[in-house]
Each structure stands twice: as structure tokens, then as C-alpha cells.
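Accompanying notes for the structure given below.
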Amino acid sequence: MFPRREPGVTPAPKGALSIYDPAYLGLDTRGRAVRVGLMYRNILIGGEPGAGKSVAQGNIVAHAALCIDVDLILIDGKIVELLPYAPVAKEFVGNDMPKALRILREQQADLDERYLHLARTGRKKIVAGDGFRAKLLCIDELAYFTVTVGTKEQQEEFRVLVRDIVARGRAAGIITVASTQRPSADIVPTSLRDLFGYRLAFRCATDSSSDIILGTGWASQGHTAVDIEPEALGVGLLRAEGGFPRRLKTALLEDHHVNQIVRRAVHLRRAT
């Protein structure tokens with residue numbers, strides 16, 4: 001349900017979604033729809049190249065694009081994965097480390113302001129009507145910015161900023177979606193992984209790589225993305241905070257679907 005609007009605020013245009021609405025990801029093994037609540041949650045996605053990571057990430061961003069109550073902050077080192085959504089993004093960053101750091105610093109400063117607001121009002125989290133728009137920060141390929149480009153100092157600053165935003169963003173209405181095709185301890189350390197409420201693992205080469213995403217020990221309990229067949233594209237294991245990994249098949253958005261969604265999102269956002 002779209003959150004209640006304050007008196008005098010223009011109603012949402014027909015067909016608009018809300019970031020408070022769960023996002024559709026796909027189907028589980030019983031054919032039931034799998035939806036995830038994005039507001040006040042963060043999502044980590046990992047797996048081998050071509051296994052389905054980008055598709056799942058695209059589903060989430062597509063949902064957010066149609067939500068008129070959230071700003072999109074997109075950081076895409078490869079440029080191609082998130083570029084189609086640039087027309088509806090508040091900020092889009094390609095393979096530009098200085099700009100990526102500047103944008104992350106701005107989000108950190110916004111976090112500070114939001115937490116001051118929470119301290120003044122005595123509340124635990126930002127809610128609709130507070131005057132702070134929700135934000136969805138999507139980072140495609142953590143490894144690109146943490147080990148590939150930039151200086152060691154820039155890479156370290158990127159890691160520190162992302163960790164702070166993930167750690168504090170939930171209550172402040174800043175959602176982080178981060179992905180990597182290199183699930184290893186140097187890319188996703190335990191201290192960062194454990195801050196993500198949702199973790200989605202697609203096929204991985206080793207049990208340790210699967211555990212990097214889902215959490216330590218799940219492979220030994222029989223929940224490992226290594227068991228996903230190479231031909232099972234889009235199949236992954238989704239673990240919600242405090243729950244067991246759940247096998248699902250992500251919905252596929254073809255390029256023409258994405259283009260239609262972006263055109264619709266541009267129209268909806270202009271209408272508000």
C-alpha cells in the first residue's frame with residue numbers, strides 16, 4: 001500500500017509504486033512469488049559471471065525506478081549494467097573513482113543530517129512525511145572500486161564509506177544494493193556482509209565463496225550455491241536476516257522490458 005500522504009500533497013499518479021511496496025524477484029521451488037521489502041533493508045548479491053547477479057539487481061532497480069518516493073543513486077564501474085536507468089537516476093556514476101567517492105561522501109553527510117533529525121524527534125527511523133526522501137544506492141561490482149581502480153587510499157576510502165552507509169542507512173531511509181562477481185573475503189569482509197539484511201547467492205565455484213555471501217557455515221549445512229547447475233541461469237539462494245536460504249528463480253527482464261519501464265518511470269516522476 002502506498003504510504004499515507006500529508007494534507008495538500010499531490011496524490012501519486014496512477015501506476016506509481018512505492019519503495020514501501022515489496023519488490024518482486026521471482027519464484028521459489030513451489031512456484032510461489034518471492035518478494036522482498038526494500039525499505040529499511042540492504043541487499044548483497046554475488047555469484048559467478050553470467051549466473052544471474054545482474055538480472056536480480058536489475059529487478060530491484062526496475063522496481064525502485066517505478067517508485068516515485070525514492071531517489072536512485074547508481075554506481076556502475078562497468079557502466080553497461082545500470083546505464084539504462086540513468087534517465088531516472090538522481091546520480092549516475094560510471095568508471096570514475098573521484099566522482100564515486102564524492103557521491104558517497106554526500107550520502108554520508110546526508111546520513112548525518114538524518115540522524116540529527118531522528119535525535120531531535122526521538123524516533124528510531126525516518127518515515128514518510130519526515131521531509132527526507134528515501135534513497136536507493138546501487139553499486140554494481142564492489143571489486144571494481146575496492147581493488148581494481150584508483151589508489152590504495154581511494155579504495156580504502158570507498159570501503160569505509162560503503163560500510164558506514166550500509167551500517168547506518170537502514171534507519172535513515174538509505175537502502176544499499178551491492179553486488180560482486182568476485183565473492184571473496186577481501187571484497188566482502190564478514191564485517192560488511194553481516195550488515196546486509198538480505199543476501200542472494202548465485203552459482204559460486206566454491207563453498208567458501210557461497211558462504212561469503214550467505215554467511216559462514218551455511219555450506220556445511222547443505223545450503224551452498226555450488227550445487228546450482230551451470231545451466232540453471234537466474235537460480236539463486238536468498239537468505240533473509242535470521243532465516244534459512246531459500247532457492248528461487250529470478251524473473252528475467254529483457255532489454256525491451258527495461259526500456260519500457262524506464263520510459264514509464266520517467267513519465268511517472270515528471271507527473272509528481
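Please read all numbers here as calculations on a predicted model, not as lab measurements.
Residues that satisfy the side-chain contact (heavy atoms from CB on, under 4.5 Å) test with Ser184, not counting sequence neighbours, are Asp186, Ile187. In terms of the side-chain contact (heavy atoms from CB on, under 4.5 Å) criterion, residue partners of Val127 (sequence neighbours excluded) are, by chain and number, Tyr40, Arg123, Lys125, Asp130. Listed by chain and residue number, Pro183, Cys204, Thr206 satisfy the side-chain contact (heavy atoms from CB on, under 4.5 Å) test with Ser209 (two or more places apart in sequence, or in another chain).
The minimum heavy-atom distance linking Gly222 with Asp227 is given by the pair O-OD2, 4.4 Å. Across every non-hydrogen atom of Ala172 and Leu111, the tightest pair is CB-CD2, 3.5 Å. Of all heavy-atom pairs spanning Ile213 and Arg193, the tightest one is O-CD, 3.5 Å. Scanning all heavy atoms of the two residues, the minimum distance from Thr250 to Ala56 falls at CG2-CB, 4.0 Å. In terms of heavy atoms, Leu136 sits closest to Ala64 at CD1-CB, 4.0 Å. Taking both residues in full, the closest heavy atoms of Gln57 and Ser179 are given as OE1-OG, 2.9 Å, listed atom of the first, atom of the second, then distance.
Without hydrogens or angle criteria, Asn42 side chain to Thr176 main chain gives a donor-acceptor distance under 3.5 Å. The backbone N or O of Pro22 sits nowhere less than 3.5 Å from a side-chain atom of Arg35 that would complete a donor-acceptor pair. Here the side chain of Asp211 pairs a donor or acceptor atom with the backbone of Gly217 at under 3.5 angstrom. Although no hydrogens or angles enter the test, the distance criterion places no donor-acceptor pair under 3.5 Å between the side chain of Asp164 and the main chain of Leu161. Not one N or O on the side chain of Arg203 forms a donor-acceptor pair closer than 3.5 Å with the backbone of Gly236. With hydrogens and angles disregarded, no donor-acceptor distance shorter than 3.5 Å links the side chain of Thr224 to the backbone of Ala219. Judged by distance alone, with hydrogens and angles left aside, the side-chain atoms of Glu113 form no donor-acceptor pair with the main-chain N or O of Ala109 at under 3.5 Å.
Residues Met97 and Leu101 form a side-chain contact, since some pair of their non-hydrogen atoms from C-beta on lies under 4.5 Å apart. A 4.5 Å side-chain heavy-atom check between Leu72 and Arg269 finds at least one atom pair inside the cut-off. With a 4.5 Å cut-off on side-chain heavy atoms, Ile126 and Leu118 count as touching. The shortest side-chain heavy-atom distance between Ile75 and Leu104 falls under the 4.5 Å cut-off. Val177 is not listed as a side-chain neighbour of Val61, based on a closest heavy-atom distance of 4.5 Å or more. By the 4.5 Å heavy-atom criterion applied to side chains, Ile60 and Cys138 are not counted as neighbours.
A salt bridge links Lys53 to Asp140: one of the charged nitrogens lies within less than 4.0 Å of a carboxylate oxygen.
Residues Val93 and Val70 do not share a hydrophobic cluster, clusters being chains of Ile/Leu/Val/Met/Phe/Trp/Tyr side chains in contact below 4.5 Å. There is a path of hydrophobic side-chain contacts, each under 4.5 Å, that joins Ile139 to Leu44. Leu233 and Ile45 sit in two unconnected hydrophobic clusters of ILVMFWY residues. Membership requires side-chain heavy atoms under 4.5 Å apart, directly or through other members. Grouping the Ile, Leu, Val, Met, Phe, Trp and Tyr side chains by contacts below 4.5 angstrom, directly or via other members, places Ile43 apart from Leu195. Leu82 and Val258 end up in the same hydrophobic cluster when Ile, Leu, Val, Met, Phe, Trp and Tyr side chains are linked at under 4.5 Å.
Among residue pairs with one or both ends in residues 145-195, those qualifying as ring pair (Phe, Tyr, Trp, His ring centres under 6.0 Å) are Phe145-Phe158; sequence neighbours excluded. Among residues at least two apart or in separate chains, salt bridge (Lys or Arg N to Asp or Glu O under 4.0 Å) pairs with a member in residues 230-245 are Arg170-Glu241. Within the structure, side chain to side chain donor-acceptor pair (under 3.5 Å) contacts touching residues 254-266 (residues at least two apart or in different chains) do not occur. Pairs passing the salt bridge (Lys or Arg N to Asp or Glu O under 4.0 Å) check and including a residue from residues 86-100, sequence neighbours excluded, do not occur. Applying the ring pair (Phe, Tyr, Trp, His ring centres under 6.0 Å) test to residues at least two apart or on different chains, the pairs with a partner in residues 99-129 are His117-Phe132. Here salt bridge (Lys or Arg N to Asp or Glu O under 4.0 Å) pairs that include residues 147-159, with residues two or more places apart or in two chains, are Arg105-Glu157, Glu156-Arg159. Every pair tested for ring pair (Phe, Tyr, Trp, His ring centres under 6.0 Å) that includes a residue from residues 51-103 fails, sequence neighbours excluded, so the list is empty. Residue pairs satisfying the ring pair (Phe, Tyr, Trp, His ring centres under 6.0 Å) criterion with at least one member in residues 185-223, sequence neighbours excluded, are listed as follows: Trp218-His223, Trp218-Phe244.
We find the CZ-OG1 distance between Arg182 and Thr146 to be 7.5 Å, quoted to the nearest 0.5 Å. One distance of note links CG of Asp207 with OG of Ser220; it measures 8.5 Å at 0.5 Å rounding. In this structure, NZ in Lys135 is found 3.5 Å from CG in Asp110, a value given to the nearest 0.5 Å. Summarising the geometry, atom CG belonging to Leu248 is positioned 6.5 Å from atom CG belonging to Leu25; distances are rounded to the nearest 0.5 Å. Rounding to the nearest 0.5 Å gives a distance of 12.0 Å between CG of Asp71 and CG of Leu137. Taken to the nearest 0.5 Å, the CG atom of Asn59 stands 4.5 Å off from the CG atom of Leu253.
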What's the verdict on side chain to side chain contact (heavy atoms under 4.5 Å, CB included) for Ile103 and Glu106, showing C-alpha distance, side-chain angles and the deciding distance? CA-CA 5 Å; Ile103 295 301; Glu106 289 175 359; 3.7 Å; yes

inquiry  = Working note: Asn95 + Val149, criterion side chain to side chain contact (heavy atoms under 4.5 Å, CB included); need CA distance, chi angles, decisive distance, verdict.
reply    = CA-CA 8 Å; Asn95 54 354; Val149 300; 5.9 Å; no

Report the C-alpha distance between Val147 and Leu142 in whole Å, list the side-chain angles of each, state the deciding distance to 0.1 Å, and finish with yes or no for side chain to side chain contact (heavy atoms under 4.5 Å, CB included). CA-CA 8 Å; Val147 298; Leu142 285 168; over 6 Å; no

> Which is it for Ile175 and Met39 under the side chain to side chain contact (heavy atoms under 4.5 Å, CB included) test, yes or no, and what are the steps along the way?
Replying inline: CA-CA 7 Å; Ile175 305 151; Met39 195 64 179; 4.1 Å; yes

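For the salt bridge (Lys or Arg N to Asp or Glu O under 4.0 Å) criterion with Asp28, the lone passing option out of Arg247, Lys249, Arg246 is Arg246. When each of Asp194, Leu238, Leu237 is checked for a side chain to side chain contact (heavy atoms under 4.5 Å, CB included) with Arg199, only Asp194 meets the rule.
When hydrophobic residues (I, L, V, M, F, W, Y) are linked wherever their side-chain heavy atoms come within less than 4.5 Å, the members clustered with Leu27 are Tyr24.
When the shell of 6.0 Å around CZ of Arg32 is examined, it contains more than 12 heavy atoms from other residues, nucleotides or ligands.
A side-chain donor from one of Glu141 and Thr180 sits under 3.5 Å from a side-chain acceptor of the other.
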